[in-house]
Amino acid sequence: MRKAGVLVGNTLELVAAAVRAGVSTGDLNEIAAKSIRDGSGKAAFLGYRHPSGGKPFSGVLCISVNEEIVHGIPRMDRYLAEGDIVSLDCGALVDGFYGDSARTVAVGVVSESAQRLLGATQRSLDAGIEMCRSGQRLRDLSGAVESVILGEGFSVVRDFVGHGIGRRLHEDPQVPNYVMTGGASGYLFREGLVLAIEPMVNAGGWETETLSDGWTVVTKDRSLSAHFEHTVAVTSEGPQIMTLPG
Ligand code: MG
Ligand code: MG
């Protein structure tokens, strides 16, 4: 899984470095397509079919701007502007295994509140990664992520969650970024488990809406949203992030 992870990490580095005002999300998608091709990988999201039907996803990356939370479709006529925040989500398949990672990047200078949202979301992911240890339980990971976000006064998206990952892009267990009242998960972590942890954090309310393109998920109140994700393995030496650039 390291191979797929490194390819995803390197691809996100390249794409993030190209983010600036005036670039289109379609341009960024092209950079990712070339990077994954050059690394002998296969783009995981391209052609992906939504479980509820509709058109397959047409991008290599999901690129979600400002109030868009996840699953934004790259377009050659969608230009980034100074002050935007842009979420880049990349998945790749290499030698039968998947990697999945995301980050939200500032376009030039962004507002102080946007900056704070990015920082909090990244820190909530770090808190989740720290919990990827043998003997730990899923609800403790969820709680660690959630408490960072709530502590900053932001809200946690509930309609979309992280996931196990391996020979398939989405495997059990689901990895919520909040503690489920009542049905708290006692799922026990063991060595060899690999999770995609991916907090999606809204500056306003947690509610979401899907646009008429069938994919793009936005905040219902149109407040800003950020998304950070890593693929992380539970090992005897503790958490190992698979999707760092290499
Ligand atoms: Mg992802
Ligand atoms: Mg994912």
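Note that ligands are numbered from 1 as they come in the structure, with each ligand's atoms numbered from 1 the same way. Numbering of residues begins at 1 and proceeds along the displayed sequence. This one's a predicted model, so the numbers in the text were calculated from it and none came from an experiment.
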> What N/O/S atom of Glu229 is the closest to the Mg ion (ligand 1)?
Replying inline: OE1
> Closest to the Mg ion (ligand 1), which N/O/S atom of Asp89 is it?
Replying inline: OD1
> Without hydrogens or angle criteria, can the side chains of Thr104 and His227 be said to hold a donor-acceptor pair below 3.5 Å?
Replying inline: no
> Judged by modelled atom types alone, do Asn202 and Thr219 share a side-chain donor-acceptor pair under 3.5 Å?
Replying inline: no
>> For a quick check under 3.5 Å, do Tyr48 and His170 share a side-chain donor-acceptor pair by atom type?
In response: yes
> Hey, which N, O or S atom on Glu198 ends up closest to the Mg ion (ligand 2)?
Replying inline: OE2
>> Do the side chains of Arg158 and Glu207 get close enough for a salt bridge, i.e. N-O under 4.0 angstrom?
In response: no
> Thr243 and side-chain contact (heavy atoms from CB on, under 4.5 Å): which partner among Thr11, Val8, Ile165, Asp100?
Replying inline: Val8
> So, His170 and the Mg ion (ligand 2): N/O/S under 2.8 Å, yes or no?
Replying inline: no
> Of all N/O/S atoms in Asp100, which lies nearest to the Mg ion (ligand 1)?
Replying inline: OD1
